[in-house]
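What follows is a single structure, written as structure tokens, with notes after it.
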Amino acid sequence: MEAAGVKVDTYRMGEITARLADRVEELEAKAYELAGEEFMLGSTQQVARVLFEKLALTPGRKGKTGYSTDTRVLRTIRGEHEIVGLLEEWRELTKLVNTYLGPLPTLIGEDGRLHTTFNQAVAATGRLSTSNPNLQAIPIRTELGREIRSAFVAEPGHKLISADYSQIELRILAHVSGEPKLREAFERGEDVHTATATEVLGVEPAKLTKGERSIAKMINFGIVYGISAFGLSENLEIPREQAQQYIDAYLARFPHVQDFIARTIEEATRDGYVTSLLGRRRPVQEIRAQNRQTRSLGERLAVNFVMQGSNADIIKVAMIRIHERLRNEGRSARLVLQVHDELLLEAPDAEVAAVKELVREEMCGAYALDPPLGVDVGAGTDWNEAKD
DNA sequence: TCTGTCACG
DNA sequence: ACGTACGTGACAGAC
């Protein structure tokens with residue numbers, strides 16, 4: 001279905017685009033000079049030839065067709081040659097120009113708003129997806145990305161309200177596993193990655209380094225994704241044996257999580273499907289495969305579905321109730337976007353305070369989780385500001 | 001049309 | 001010995 005739409009400041013986008021055009025040309029010219037030839041910076045084939053044959057830089061992983069030139073490979077060889085940094089910046093800029101800054105202004109409707117399509121029966125987990133354009137993938141992770149996000153604005157006299165669930169998938173894990181240490185961490189309002197680091201790495205919160213917290217964060221991601229030693233080792237760029245040690249330590253420290261994983265895999269193998277908190281089922285035929293690799297995939301899908309699928313259930317309940325209450329209470333505020341664990345609304349200035357509270361109540365109350373659901377709510381004239 | 005890459009959660 | 005972290009969509013270049 002097509003949704004209400006969101007306003008875009010095309011002038012702001014145009015300014016960013018103009019600034020980037022010059023920089024992209026500059027990067028291309030410098031790259032040609034350093035390579036000693038002109039080549040297509042967008043061609044992975046030509047980039048691989050220049051980096052790994054002509055300049056003899058250290059190749060990393062291989063794909064089906066040759067050496068990979070992806071972000072992670074470039075990051076590891078950044079120090080070997082000046083051209084690598086240029087290429088990284090070129091990739092970031094052209095991605096943002098070609099996917100967002102260029103296309104989005106052309107898609108604005110007669111009402112001056114950008115309309116996406118919400119797909120309700122695409123994702124196997126029960127998540128929504130969006131397309132044409134994909135407004136669930138608007139940049140945020142880089143400074144330039146945030147600038148683009150700030151071009152999504154409220155109508156004059158209105159604000160955008162952004163409300164997102166805090167660590168919802170790990171809270172769901174704490175709930176379904178009943179793991180006391182995890183539940184208590186959330187109930188005390190502690191940082192969950194710090195809590196994981198304390199248990200797995202045996203480091204006191206006060207002495208924790210950024211690197212150690214980042215390791216714990218990746219372990220938590222891994223648990224949600226259906227962990228594997230290989231996956232964790234790839235992401236942390238550590239030996240598989242060390243990754244396995246982290247996993248063993250985690251499961252020993254959070255034994256109820258270990259039980260939850262085992263129970264979920266057993267049930268999915270027995271039934272051929274797995275069930276979310278609100279009763280949605282996902283078939284996982286892969287879990288009964290003879291092939292070990294396929295079976296492992298099935299196990300990860302089953303475990304991940306409990307968290308990702310339950311998250312999808314819960315936010316849908318919240319959306320329905322918010323929509324009902326806005327209507328019943330005569331508000332002109334409206335929902336404009338859902339981004340998996342975040343809701344974006346547009347409200348007249350006079351309604352902002354009340355709607356923020358309404359949204360918080362309905363998101364927190366959508367499901368009685370133990371630990372309870374947590375929500376961060378903010379408002380601003382643009383999407384970036386609303387998330388602060 | 002497929003592959004690699006990368007934007008988001 | 002195998003080879004992967006879960007879920008999506010869009011774009012450029014190769015085929």
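Reminder, nothing fancy here: chain letters follow the sequence lines and each chain counts from 1.
- Among the heavy atoms of the strands lying under 4.0 Å from A:Thr71 are primed sugar atoms or P, OP1, OP2 only; no base atom is included.
- Of the residues in residues 11-21 of chain A, not one places a heavy atom less than 4.0 Å from an atom of DNA chain C.
- The shortest distance between side-chain heavy atoms of A:Thr275 and A:Arg280 does not fall below 4.5 Å.
- Within the 4.0 Å cut-off from OP1 or OP2 of B:dC6, at least one side-chain nitrogen or oxygen of A:Arg91 is found.
- When the P atom of B:dA7 is taken as reference, atom CG of A:Leu144 falls 10 Å away, rounded to whole Å.
- Remark: C1' of B:dG9 and CG of A:Asp313 are 16 Å apart, rounded to the nearest angstrom.
- At a threshold of 4.0 Å, the pair A:Glu267-A:Arg270 does not count as salt-bridged, since none of the basic side-chain nitrogens sits closer than that to a carboxylate oxygen.
- Here the separation of C:dC2 from B:dA7, taken at their P atoms, is 32 Å to the nearest Å.
- Shown are A:Arg325, A:Lys316, A:Lys356; of these, the salt bridge (Lys or Arg N to Asp or Glu O under 4.0 Å) with A:Glu362 is made only by A:Arg325.
- Base engagement by A:Ile227 is indicated by at least one non-hydrogen atom pair under 4.0 Å involving a base atom.
- Here the side chains of A:Pro139 and A:Leu96 are in contact, with some heavy-atom distance below 4.5 Å.
- Of the candidates C:dT4, C:dG7, B:dA7, the closest approach to any side-chain atom of A:Leu96 belongs to B:dA7.
- Taking atom CZ of A:Arg295 as the reference point, atom P of C:dC2 lies 18 Å away to the nearest angstrom.
- Shortest non-hydrogen contact noted between A:Glu346 and A:Glu155 is OE2-N, 2.8 Å.
- Counting non-hydrogen atoms under 4.0 angstrom, A:Val339 reaches the backbone sugars and phosphates but no base.
- The A:Asp70 side chain lies nearest to B:dT5 when the options are C:dA5, B:dC8, B:dT5.
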Just by protein heavy atoms under 4.0 Å, how would nucleotides 8-15 of chain C read 5' to 3' in B, S and -? SSBSSSSS

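- Side chains of A:Asn220 and A:Tyr250 form a contact here, defined as non-hydrogen atoms less than 4.5 Å apart.
- Linking Ile, Leu, Val, Met, Phe, Trp and Tyr residues whenever their side-chain heavy atoms come within less than 4.5 Å leaves A:Ile265 and A:Phe230 in two separate clusters.
- The residue A:Arg141 sits close to a base: some heavy atom pair falls under 4.0 Å.
- Scanning DNA chain C for stems, defined as runs of 3 or more consecutive Watson-Crick or G-U wobble pairs whose donor-acceptor distances all fall under 3.5 Å, gives the following ranges: B:1-9 with C:6-14.
- When the side-chain nitrogen and oxygen atoms of A:Arg282 are compared with OP1 and OP2 of C:dG7, one or more of them lie within a distance under 4.0 Å.
- For the segment residues 231-240 of chain A, residues with any heavy atom less than 4.0 angstrom from an atom of DNA chain C are, sorted by number, A:Gly231, A:Leu232, A:Asn235, A:Arg240.
- With hydrogens and angles ignored, the 3.5 Å screen pairs no side-chain donor or acceptor of A:Asn119 with any backbone N or O of A:Ala121.
- The phosphate of C:dG7 (OP1 or OP2) has no side-chain N or O of A:Arg127 nearer than 4.0 angstrom.
- A donor-acceptor contact under 3.5 Å is formed by the side chain of A:Gln308 with the base of C:dC6.
- Rounded to a whole Å, the CG atom of A:Leu173 is 17 Å from the P atom of C:dC6.
- The CG-P distance, from A:Leu170 to C:dC6, rounds to 17 Å in whole Å.
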Let's go through A:Ser150 and A:Glu385 carefully: what are the C-alpha distance in whole Å and the side-chain angles of both, what is the deciding distance for side chain to side chain donor-acceptor pair (under 3.5 Å) to 0.1 Å, and is it a yes or a no? CA-CA 7 Å; A:Ser150 73; A:Glu385 207 178 281; over 6 Å; no

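- With P as the reference atom, B:dG4 and C:dG3 are 15 Å apart, rounded to whole Å.
- The side-chain heavy atoms of A:Ser177 and A:Asp259, taken from C-beta on, include no pair separated by under 4.5 Å.
- The distance from atom CG of A:Leu128 to atom P of B:dG9 is 15 Å, rounded to the nearest whole Å.
- Residue A:Phe221 contributes atom CZ, which lies 17 Å from atom C1' of C:dT4 at whole-angstrom precision.
- Interatomic distance, CD of A:Gln167 versus CG of A:Leu373, reported as 12.5 Å (0.5 Å rounding).
- Sorted by first and then second residue, the side chain to side chain donor-acceptor pair (under 3.5 Å) pairs with a member in residues 367-380 of chain A read A:Arg183-A:Asp370; sequence neighbours excluded.
- Only one option out of A:Val303, A:Asn304, A:Val306 pairs with A:Val274 in a side-chain contact (heavy atoms from CB on, under 4.5 Å); it is A:Val306.
- Between A:Arg78 and A:Glu88, at least one side-chain N (NZ, or NE/NH1/NH2) sits under 4.0 Å from a carboxylate O, which counts as a salt bridge.
- Contact annotation: A:Ser68 does not reach the phosphate of B:dG4 (side-chain N/O to OP1 or OP2, under 4.0 Å).
- A side chain to side chain donor-acceptor pair (under 3.5 Å) check over residues 37-48 of chain A, counting only residues at least two apart or in different chains, returns the pairs A:Glu37-A:Arg49, A:Glu37-A:Lys54.
- B:dG4 atom P lies 18 Å from atom CZ of A:Arg49, rounded to whole Å.
- Taking atom P in both C:dT4 and B:dT5, the straight-line distance is 14 Å, to the nearest Å.
- Ion pair A:Glu237/A:Arg72 flagged as a salt bridge, since at least one NZ, NE, NH1 or NH2 atom sits closer than 4.0 Å to an Asp/Glu carboxylate oxygen.
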